[in-house]
Amino acid sequence: MRLFVSEGAPGTLPVLAAAGRAQGRVELLISTVGPEECVVPFLTWPKVPVLQLDSGNYLFSTSAICRYFFLLSGWEQDDLTNQWLEWEATELQPALSAALYYLVVQGKKGEDVLGPVRRALTHIDHSLSRRSCPFLAGETESLADIVLWGALYPLLQDPVYLPEELGALNSWFQTLSSQEPCQRAAETVLKQQGVLALRPYLQKQPQPSSFEGRAVSNEPEEEELAALSEEEIALAVAAWEKGLGSLPPLQPQQSPLLPVAGERNVLITSALPYVNNVPHLGNIIGCVLSADVFARYSRLRQWNTLYLCGTDEYGTATETKAMEEGLTPQEICDKYHAIHADIYRWFNISFDIFGRTTTPQQTKITQDIFQRLLARGFVLQDTVEQLRCERCARFLADRFVEGVCPFCGFEEARGDQCDKCGKLINATELKKPQCKICRSCPVVKSSRHLFLDLPKLEKRLEEWLEKTLPGSDWTPNARFIIRSWLRDGLKPRCITRDLKWGTPVPLEGFEDKVFYVWFDATIGYVSITANYTDQWERWWKNPEQVDLYQFMAKDNVPFHGLVFPCSVLGAEDNYTLVKNLIATEYLNYEDGKFSKSRGVGVFGDMAQDTGIPADIWRFYLLYIRPEGQDSAFSWTDMLLKNNSELLNNLGNFINRAGMFVSKFFGGFVPEMVLTSDDRRLLAHITLELQHYHQLLEKVRIRDALRSILTISRHGNQYIQVNEPWKRIKGSEADRQRAGTVTGLAVNIAALLSVMLQPYMPTVSTTIQAQLQLPPPTCSILPTNFLCILPAGHQIGTVSPLFQKLENDQIESLRQRFSGGQLEESLALKAKAGPKPAAAGTMTTAGPEQIQVLMDEVTKQGNIVRELKAQKADKNQVAAEVAKLLDLKKQLALAEGKPLETPKGKKKK
């Protein structure tokens, strides 16, 4: 069997990817021919790719060749796949040919290229979302997936042409792109040149005519509403009419939270942050905020949910920070644990437990797992050559060595892993190593250490993955990272370190060592639970009844998806293992990276001082959540999203719906007499609500947020078309119509308040208070749109939910966080509790620090004045006054002035 291909021919991509599936089942010779060479004897024009069968027959359609290879691999045909192939040939290919020609041959960019294919990409995205399946024809990859992926890859491999808002398309494309046959095909055809590899071939093709002369418009298209069947409409109306009566009873809250047999038990963890660092926005969205959304959603579904996190406190990083600040490691842990807790409290993260790893339970459980591994022959001993910094007089932890990656040449590779190529590194393999503390060149010294025998555990891990991955919600990047580790073969990994601050090693001859933090940090989840309840084993040794979801950034995947599973599989103690591993890509800051030392980017303790409420931060970080690829925080984009999506869309709709009830109907929800259009709207809202559920069940957090905004847009359009403010002044029929529209709109607002709860909990609570939602409806999110505010329901006082962000305000913040600010925030210094200066001495700060403090005092003074003018709650005013006095105190110290003794008020 012989496959003829031509360099740069787009059809070669899916064919090679499909051939990869049939590898080993057929002998295949691949021949490269020129683009003008006629391979098929009975065709009068050149055509590639072409498959010549052993029988002498020819297949010269890309989809036909792919189908042949799929049939060889045991795939069974189905109608849905055939429909996709027909659509690809008739709809996608003409648009895609035009887009590639514009890009590669004519050198066009942006919307000129994306315009022709935008509708087709949206169609794929909607189809994947509506079916809530990872692939086009179901739960497993089909011929349709490979044909469409191969057609789209040359264009979509450039993130510029993969619209971020099409989340389902992004996930599908990344999943397929991470598979080995697809990767090999892409490397063969594009040869690391990207889409430009197609130029020699496309230059010889006629100019596509399908899209010639079409004007490219930047005007947004109206959102298409899905077609509805009469049955869907009838079901939506029936559910609406049942109202509150169809809500399930509210489950009583137990303490402590424990799994319940026969119920859905969800255990959620977010990666334990290093205690010595203040988390930046990327850390917050990558771990705790994403997990918080899913935890809140799980509770709305009344799933039995436990959400835990804590600070990772052992290791050299803590010792080094303690040395820098003149404190003991324990004092550093206590200080920064409190800082982390305060930051997450401000961001409204709803942990059931926020613990720490420096506990007796951590020691007990880690040592037990180690002893079980040792007894079963999964621990090795060997002499290790380590890097020791003579200037610092210590062995250097991997993360405190930096140098050139031996694999890819990246110049800032850490001593344990390269962030660029993702490969694991032994610190001694680094080229040009440097101590990150003092920048001197470390020397190599020998030391005896213990190793986890990963090669011996590899088969157990692969068997577990084979059972776990199908049907699970591991993100594509997590699957790819674990596959790449297994493809390279596992190697023994050292689990001990020459340190004092860590979990002691319970083995003779190793009393002076502690466990390496990557071995015992993930055990921290277990020990944190054990500190919460002595019945912790009901969560952590109960894989039959507990679904474990773990949230992290992609650099933590190997430790959660490989090291911890190997450790507990080897321990043979029936531990609960991760069922759904949710990993984000990286969030960058504007055009670069977050840097505390350079004052670049917003860190958790600084967000509180911007004047922007926590829920706005939550919304924007979740809106740009880096799911399929890295994303970037942008001040300009944050302003736009706040002013358009929150203020003009969501806030405008909810405020109008409530105001109409107050203004036109005395604060009571009016009678509703539904028309056929109203019934259709009920069905559309129900479909979007069900789509929201499908997305969050799959942990597609960013996409589910779009469903909330879509419902709000439907509500705005509904009000705009029906104009209740005009109808209320008309005939009896008009007034009745105004009542129906208002009643339906305020019920949509009530639904949105519950859907918003995982994303913006404070805003959600505010809406529910304004609309006076009945208590059960605030804690349960149904799968259908119900009438939860019936006629006669009295609402409370309605007021605007959001404030406009102004350009000068945002520009000021951009400048403030663009570098040159204080290395540590003022809030952090205040919490550090500096020792009092000796009597008679003053330390004056630099002019830059003094200016920052003066600005903070001015801003806080304005806040206090505004609150007093509004006659705000006395406790709220008092809290802000206390902040102002504290800032003035800091300013006085910075300027070298003596502190004034506060004067008491005179009695009248």
Side-chain angles (χ1 to χ4, degrees), residues 273-280 283 311-333 335-336 339 383-406 409-420 424-447 449 494 496-502 512-518 521 555 592-601 603 819-825 828-829 832 834-835 843 846 848-849:
Y274 283 124
V275 74
N276 63 300
N277 290 329
V278 177
H280 58 63
N283 304 136
T311 41
D312 178 5
E313 301 190 353
Y314 282 134
T316 303
T318 305
E319 283 190 356
T320 305
K321 193 72 173 177
M323 184 173 62
E324 287 174 8
E325 297 195 16
L327 300 172
T328 67
Q330 187 62 61
E331 286 171 338
I332 277 288
C333 291
K335 169 188 166 181
Y336 278 88
I339 290 168
T383 299
V384 176
E385 292 195 327
Q386 289 178 253
L387 293 176
R388 178 180 171 86
C389 178
E390 298 294 358
R391 184 181 293 177
C392 296
R394 64 173 58 217
F395 283 102
L396 295 176
D398 292 345
R399 284 177 175 263
F400 280 80
V401 184
E402 197 170 80
V404 177
C405 175
F410 180 56
E411 293 187 354
E412 296 179 15
R414 297 195 312 264
D416 59 349
Q417 189 175 11
C418 175
D419 281 338
K420 186 173 183 183
L424 282 184
I425 302 169
N426 285 318
T428 52
E429 296 173 336
L430 284 174
K431 299 175 184 177
K432 300 179 182 176
Q434 282 188 332
C435 168
K436 285 185 71 175
I437 303 163
C438 69
R439 290 296 167 189
S440 65
C441 182
V443 296
V444 177
K445 295 275 178 119
S446 296
S447 180
H449 282 282
C494 187
T496 52
R497 277 293 179 267
D498 290 295
L499 298 173
K500 295 177 182 176
W501 186 247
D512 60 339
K513 301 185 193 298
V514 298
F515 284 113
Y516 190 10
V517 70
W518 68 254
D555 58 341
K593 293 184 176 181
F594 291 86
S595 171
K596 188 80 172 175
S597 61
R598 290 185 290 112
V600 174
F603 286 72
Q821 58 185 336
L822 299 177
E823 181 177 343
E824 295 199 17
S825 73
L828 189 55
K829 287 193 172 182
K835 294 176 182 177
T843 304
E848 184 179 60
Q849 182 179 350

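Of all heavy-atom pairs spanning H449 and T496, the tightest one is ND1-OG1, 2.7 Å. Between I425 and R414, the shortest heavy-atom contact is CD1-O, 4.0 Å. Residues T311 and E313 come closest through the heavy atom pair OG1-OE2, 2.6 Å. The shortest non-hydrogen separation linking D498 to K513 is OD1-NZ, 2.5 Å. I332 approaches A322 most closely through the heavy-atom pair CG1-CA, 3.4 Å. In plain terms, the two heavy atoms of P442 and C435 that are nearest each other are CD-N, 3.9 Å.
The distance from the OG atom of S447 to the CD atom of E385 is 11.0 Å, given to the nearest 0.5 Å. For the atom pair CZ (F603) and CD1 (I339), the distance works out to 13.0 Å, reported to the nearest 0.5 Å. Here the straight-line distance linking atom SG of C389 with atom CD of Q434 works out to 10.5 Å at 0.5 Å rounding. Put simply, CD on E331 and OG1 on T318 are 13.5 Å apart, with the number rounded to the nearest 0.5 Å. Considering CD of Q417 and CG of D555, their distance stands at 6.5 Å, rounded to 0.5 Å. Of the inter-residue distances, the one linking L396 atom CG with K445 atom NZ reads 12.0 Å to the nearest 0.5 angstrom.
Remark: Q330 pairs with T328, C333, D334, R356, T358, W501 by the side chain to side chain contact (heavy atoms under 4.5 Å, CB included) rule, at least two apart or across chains.
Salt bridge annotation for E390-R388: present, with a cationic side-chain nitrogen under 4.0 angstrom from a carboxylate oxygen. Residues E411 and K432 are not paired through a salt bridge, judged by the lack of any N-O separation under 4.0 Å between the basic side chain and the carboxylate.
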- Message: If you apply the rule side-chain hydrogen bond (donor to acceptor under 3.5 Å, both in side chains), what do you find for E319 with Y314, and how did you get there?
- Response: CA-CA 8 Å; E319 283 190 356; Y314 282 134; over 6 Å; no
- Let me see the working for E325 and K335 under salt bridge (Lys or Arg N to Asp or Glu O under 4.0 Å), right down to the final yes or no. CA-CA 11 Å; E325 297 195 16; K335 169 188 166 181; 2.5 Å; yes
- Task: For side chain to side chain contact (heavy atoms under 4.5 Å, CB included), just list the numbers for V517 and D312, CA-CA rounded to whole Å, side-chain angles, deciding distance to a tenth of an Å, and then say yes or no.
- Result: CA-CA 8 Å; V517 70; D312 178 5; 3.4 Å; yes
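Looking only at distances, a side-chain donor or acceptor of N283 sits under 3.5 Å from a matching main-chain atom of H280.
Here the side chains of E402 and R439 are in contact, with some heavy-atom distance below 4.5 Å. Residues L430 and V404 have side chains not in contact (no heavy-atom distance under 4.5 Å, counting atoms from C-beta outward). Inter-residue side-chain proximity for V444 and L387 is flagged as met; some heavy-atom pair is nearer than 4.5 Å.
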